[in-house]
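Only one structure is covered here, and it is reproduced in the block below.
A quick note: this is a predicted structure, and the numbers were derived from the prediction, not measured. Letters A, B, ... are given to chains in the order of the sequence lines, protein chains preceding strands, and every chain is numbered from 1.
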Amino acid sequence: MDNIQIAEMFNRMAKLLEFKGENQFKTRAYTNAARSIKGLDEELKVLYKEGDLDSISGVGEALKSKITEMLETGTFDAYEKTMSEIPQGIIDIMDIPGIGPKMARLFYEKLGVTSVDELSRAAREHRIRRLPRMGEKQEEKILRSIVRLQGDKDHGRHPMALAMEIAKEIRNELCSCPHIEKVTIAGSLRRKKDTVGDIDLIAISSEPERAIEFFVNMEKVEEILNSGTSKGSVIYPGNYHVDLRVVDKEHYGSMLQHFTGSKEHNIHLRKLALTKGYSLNEYGLTNESGNITSCTGEEDIYEFLGLDHLPPEIREDRGEIEASLTGNLPRLIERKDIKGDLHVHSNWSDGANTMEELAEAAIQRGYEYIAITDHSHSTGIANGLSDRRLQEHIDEIDRLNEKFDEIKILSGTECDIRTDGKLDYSNDLLEQLDIVIVAVHAGLEQDRNKMTKRIVAALENEHVDIIAHPTGRKLGKRPAYDVDMEKVITVAAENKKALEINSSPWRLDLNDINARKAKEHGVMIAINTDTHTLDHLDNITFGIDVARRAWLEADDVLNTMNLKQLCSRLGIPKD
DNA sequence: GCCGTTTTCGGCCCGACTGTTTTCAGTCG
């Protein structure tokens, strides 16, 4: 079991215990431990082997032995026992937005409801409204939630790039409201998480109620979830859940800090504030005598707590607070550090543009180099290049390099790694290229062992420079293929190969966790766009977002090197 | 169930909104 699975099991256990009416602090201990585990850099199985499970905060003797049990058997006794006492469908009911353990228990005890379908029927038959603290509106709300949940295959998560466009559209509309002074995007979107569950916005207004009224009555709003005096929530087309929080100027900083999150980061900050005798909330810092220090800028809060102004991308409670306290915060990579793009397709394979157009677009973006990496012949559907056409491809790039002074065009390939780990081109041919990217495009269903061996074999080829989109995931479409990333990263480090962060909004592969792991093993990362049309070149910002979330600095990234450094690394003769 | 620079017992992050009440529990972020 990996850390995520163990954390999820603790979270489910917490829900089950709450359903049973257990002591709330006991249930919280499980969620605290789950949170702590999700934030670990190290795999639990490694800590377990080294006898270091004691080092995890929020994990005491009892939970430690449950972790051990899970690592050895895949589950733990107390969990199995609790599960056997509670009907399976109850878990699904508690996953319905607006229904927690208390309500699930009420429906179960009073109506015998044990599944989402039964709950839906009870609501339609108006049996819910007769229960204590329930009524007509609750019934309608439950039915709406069920319908929305069932119509939503992706569990409400959206690729960050798409959500960002919607967020900007809403921000622009809100800015036209005379009662709104300023609108800022907050939440996981501000932290640039690869997928986001909702869109959080903060507005400054001296008339919050009128601002909220404007918000919930925007033309495109499909449903108003709630609408209070300082906060509103709506559903926007595409099943986007949008929250707006309205605040006066004086509290803007603390509000922005609070609603940027993450939740885990904020909890850690509040605990830190408490050790200094202050309570922290979205209105500022309160001391023991009740005096509030309001914060107009969020940097005020960090400064007060003795921390650097932490970049939103790393606010995940994955060590950023400790790093800041000890002066070990990374200087995160920025857009201006990028000197070129190393994964671009032309119309020689499945790209839309000529090599010349790509070179010109790269010049416009201030790049020193661009690698044209068209597909190899296995990817027939993408018009992959035969041996003969690859030779012509190399010649064409030579010709263009004569023409362009402002940029170096690198001749490359995105060569298929076949199912047996062999590459599409011979070593003789690969040797003639400036840069060799390899990738898995077919046979995605291979088992973990075969897939790992396949990629490792490619990493061990002396001509290979970069593995593209190393896990093959496509957000909302298909999961990563089954591969031992620890092994891939270790072998990449041994052979001095780079791994890619693919900047396509649908891939973002490697993700932040794996990219950070790669950095820790000393593996260089290439942030590439996998461009197929000119505008894709600008997707580089999404790749940089992932890199920043992975704590990467400019020195960790291959394409922050200038041309001379890059040529030296790739072994390209200077000309 | 966890934890300790007052504590090994008695605390445990904090506030808005809703729907139901007539003062608040439940849920969410």
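Ile67(A) places its CD1 atom 13 Å from the P atom of dG1(B), with the value rounded to the nearest Å. Distance, Leu280(A) CG to dG15(B) P: 10 Å, rounded to whole Å. In this structure, the NZ atom of Lys137(A) is 15 Å from the P atom of dC17(B), given to the nearest Å. As a whole-Å value, the separation of Asn226(A) CG from dT20(B) C1' is 16 Å. Remark: P of dG29(B) and CG of Asp198(A) are 7 Å apart, rounded to the nearest angstrom. Look at CD on Gln257(A): it is 13 Å from C1' on dC14(B), rounded to the nearest Å.
Residue contacts for Ile142(A): at a heavy-atom cut-off of 4.0 Å it reaches no nucleic acid atom on any strand shown. Residue Pro101(A) is classed as a sugar-phosphate contact, given heavy-atom separations below 4.0 Å to backbone atoms only. Residue-level contact check: Lys102(A) touches the backbone only, with heavy atoms under 4.0 Å from sugar-phosphate atoms and none from bases. Residue-level contact check: Ile99(A) touches the backbone only, with heavy atoms under 4.0 Å from sugar-phosphate atoms and none from bases. As judged by a 4.0 angstrom heavy-atom cut-off over every strand, Tyr283(A) is placed among residues touching the sugar-phosphate backbone only. Within the 4.0 angstrom heavy-atom criterion, no nucleotide atom of any strand lies near Ser233(A). Heavy atoms of Gln24(A) sit nowhere under 4.0 angstrom from any nucleic acid atom. Residue Thr275(A) is out of contact with every strand shown, counting any heavy-atom pair closer than 4.0 Å. In this structure, Lys64(A) reaches neither bases nor backbone, as no heavy-atom distance under 4.0 Å exists between it and the strands shown. Using a 4.0 Å heavy-atom distance criterion, Glu140(A) is classed as making no nucleic acid contact.
Each of dG1(B), dC17(B), dT18(B) was ranked by its minimum atom distance to the side chain of Ser227(A); first place goes to dT18(B). Of the candidates dG29(B), dG1(B), dA16(B), dG29(B) carries the atom nearest the His258(A) side chain, counting heavy atoms from C-beta on. Of the candidates dG29(B), dG19(B), dG15(B), the closest approach to any side-chain atom of Glu282(A) belongs to dG15(B). Across dA16(B), dT27(B), dT20(B), the shortest atom-to-atom separation from the side chain of Met103(A) is found for dT27(B). Proximity note for Lys231(A) (side chain, C-beta onward) versus dG1(B), dA16(B), dG19(B): the nearest is dA16(B). Taking only side-chain atoms of Ala29(A), from C-beta outward, the nucleotide of dC14(B), dG29(B), dC2(B) with the closest atom is dC2(B). Set against dG19(B), dT18(B), dG1(B), the side chain of Lys26(A) has dG1(B) as its closest nucleotide. Closest to the side chain of Gln138(A), from the set dG19(B), dC17(B), dG29(B), is dG19(B). Distances from the side chain of Asn23(A) to the nucleotides dG1(B), dG19(B), dC17(B) place dG1(B) closest.
Here the separation of dC17(B) from dT23(B), taken at their C1' atoms, is 16 Å to the nearest Å. When the P atom is compared between dG15(B) and dT22(B), the two are found 26 Å apart, to the nearest whole Å. Spacing of C1' atoms, dG4(B) relative to dT8(B), comes out at 8 Å, to the nearest Å. Comparing dT6(B) with dC2(B), their P atoms sit 24 Å apart, to the nearest whole Å. Here, dT27(B) and dT20(B) have their P atoms 14 Å apart, quoted to the whole Å. Spacing of P atoms, dC9(B) relative to dC14(B), comes out at 25 Å, to the nearest Å. A gap of 14 Å separates the P atoms of dT21(B) and dG26(B), to the nearest Å.
Two rings, from Phe10(A) and Phe76(A), have their centers less than 6.0 Å apart.
Within the structure, a side-chain polar atom (N or O) of Lys66(A) is placed less than 4.0 Å from OP1 or OP2 of dG1(B). Phosphate contact (OP1/OP2 of dC17(B), side-chain N/O of Ser230(A), threshold under 4.0 Å): present. A sub-4.0 Å separation between OP1 or OP2 of dG15(B) and a side-chain N or O of Asn281(A) is present. Applying the 4.0 Å criterion to OP1 and OP2 of dC2(B), one finds that Ser57(A) has every side-chain N and O outside that range.
If you find the closest nucleotide of DNA chain B to Thr27(A) and to Glu18(A), the one lying nearer the 5' end belongs to Thr27(A). Nearest-nucleotide positions on DNA chain B for Gly58(A) and Thr229(A) put Gly58(A) closer to the 5' end.
Between the side chains of Glu169(A) and Tyr236(A), at least one donor N or O lies within less than 3.5 Å of an accepting N or O. For the 3.5 Å distance criterion, the side chains of Ser262(A) and Glu264(A) qualify, holding a donor opposite an acceptor. With hydrogens and angles left out, the side-chain atoms of Glu22(A) and Tyr30(A) include no donor and acceptor closer than 3.5 Å.
For Arg28(A) against dC2(B), a side-chain-to-base donor-acceptor contact under 3.5 Å is absent.
Residue Phe25(A) and nucleotide dC12(B) are classified as a stacked aromatic pair, their ring centres being separated by less than 5.5 Å at an interplanar angle below 30°.
Atom-to-atom distance recorded for Leu119(A):CG and Thr114(A):OG1 is 10.5 Å, nearest 0.5 angstrom.
For the pairing with Asp512(A), the salt bridge (Lys or Arg N to Asp or Glu O under 4.0 Å) check across Arg548(A), Arg191(A), Arg318(A), Lys519(A) returns one residue only, Arg318(A).
Pair check for dT8(B) finds none; no Watson-Crick or G-U wobble contact set falls under 3.5 Å.
Using modelled atom types, no side-chain atom of Asn514(A) and backbone atom of Asn511(A) make a donor-acceptor pair closer than 3.5 Å.
In this structure, Glu213(A) has no salt bridge (Lys or Arg N to Asp or Glu O under 4.0 Å) partners at least two apart in sequence or on a different chain.
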